[in-house]
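Please read the structure below before turning to the comments.
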Amino acid sequence: SRGLGDVYKRQDYDFKKPKKFTKEHLRGLNTVNENIIRIFASNISSMLRAFCEIDMLKMEECRYMEYLNMLPDKTFIGLINMSVDDQNLNDCTAIIHFPSSVNFFLIDILLGGDGHGYKLNRGYTEIEIAILENFYGKLTQYFAESWKSLVNVKCELSGNETNPRLAQFISCLLYTSPSPRDMRRS
């Protein structure tokens with residue numbers, strides 16, 4: 001006979017890093033991610049004039065600061081302002097990020113290159129940033145479409161950051177709202 005220990009694997013709960021999403025929330029996010037992948041795949045192919053295949057390898061929950069710490073110092077992050085019509089929901093800022101190797105590949109293809117020799121380990125020039133802003137801005141238009149199954153949102157690329165440590169600082173500024181005691185009459 002088998003005991004419960006043989007059937008179920010025990011996993012300790014980490015109270016310092018509690019899980020914030022329920023299984024229902026994760027299913028909803030998975031649906032949104034599948035929609036984003038489907039929409040991106042069809043539209044990126046036409047934007048790059050080349051067949052593109054996009055897959056979601058995995059989805060995992062982690063804290064924003066942990067995610068930013070995993071990113072390399074020389075990266076490009078698009079900041080997306082997501083505004084919601086529903087009064088019960090707050091507007092928020094999302095990020096879109098591709099690895100630098102993908103960004104340099106995109107730049108090469110968009111400038112008429114063949115996509116070879118794009119694995120560079122450096123920061124971005126002003127021209128490359130402008131190209132990526134344009135590209136990420138077009139992708140941002142598809143975010144609202146992918147969220148329609150859950151909530152009606154308007155998405156706009158509100159900025160970018162090439163240093164993930166500054167994106168952490170920006171997130172603090174974006175989500176800080178003044179309390180009544182901080183407001184003073186002049």
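FYI, the numbering just counts along the sequence from 1. Computed over heavy atoms, backbone and side chain alike; hydrogens, waters and symmetry mates excluded.
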Note to self: Between Y124 and F104, is the ring centroid distance below 6.0 Å?
What the structure shows: yes

Notebook entry, point to check: Any side-chain heavy-atom pair from I44 and L139 closer than 4.5 angstrom?
Noted result: yes

Next item on the list: Enter the distance from F135:CZ to T140:OG1 here, rounded to the nearest 0.5 Å.
Entry: 10.5 Å

Check: Any side-chain heavy atom of H97 sitting closer than 4.5 Å to one from F76?
Finding: no

Notebook entry, point to check: Can you tell me if D91 uses its side chain to pair, donor with acceptor, with the backbone of V84 under 3.5 Å?
Noted result: yes

Item checked: Shortest non-hydrogen contact between C155 and A144, atoms and distance -> SG-N, 3.7 Å

Next item on the list: Drop me the distance from S146's OG to N33's CG, to the nearest 0.5 angstrom.
Entry: 8.5 Å

Margin query: Return the CD1 to OG1 distance between I36 and T31, rounded to the nearest 0.5 Å.
Written below: 11.0 Å

Item checked: L111 CG: over 12 foreign heavy atoms closer than 6.0 Å -> yes

Margin query: Test side-chain contact (heavy atoms from CB on, under 4.5 Å) on D55 and I37; report intermediate values, then the result.
Written below: CA-CA 7 Å; D55 290 316; I37 289 168; 5.6 Å; no

Item checked: Exam field: side chain T75 to backbone P72, donor-acceptor pair closer than 3.5 Å -> no

Notebook entry, point to check: Is I80 close to I96 at the side-chain level, that is, under 4.5 Å between some pair of heavy atoms?
Noted result: yes

Checklist line | Beyond-backbone contact of L79 with I95, side-chain heavy atoms, under 4.5 angstrom | finding: yes

Next item on the list: Measure the CG-NZ distance between N81 and K154 for me, rounded to the nearest 0.5 Å.
Entry: 11.0 Å

Check: Which value, rounded to the nearest 0.5 Å, describes the distance between M82 atom CE and E156 atom CD?
Finding: 12.5 Å

Next item on the list: Looking only at non-hydrogen atoms, find the nearest pair between A41 and S45 and report the distance.
Entry: O-OG, 3.0 Å

Margin query: According to ring-ring contact (aromatic ring centres under 6.0 Å, His included), does anything in residues 139-165 pair up with another residue at least two apart or in another chain? List the pairs.
Written below: F40-F143

Checklist line | T162 side chain near I129 side chain, heavy-atom distance below 4.5 Å | finding: yes

Next item on the list: Sequence neighbours left out, what pairs pass salt bridge (charged side-chain N to carboxylate O under 4.0 Å, His left out) with at least one residue falling in residues 71-80?
Entry: D73-R165

Next item on the list: Give the cluster check for I109 versus I127: same hydrophobic cluster or not, with ILVMFWY residues linked at side-chain heavy-atom distances below 4.5 Å.
Entry: yes

Item checked: Sequence neighbours excluded, every pair satisfying side-chain hydrogen bond (donor to acceptor under 3.5 Å, both in side chains) that has a member inside residues 127-139 -> N103-Y136, R122-E128, T125-E128, E133-N160

Item checked: From CZ (F105) to SG (C52), nearest 0.5 Å -> 6.5 Å

Note to self: Applying side-chain contact (heavy atoms from CB on, under 4.5 Å) to N163 and E161, what does each step give before you reach the verdict?
What the structure shows: CA-CA 6 Å; N163 183 342; E161 187 52 60; 3.7 Å; yes

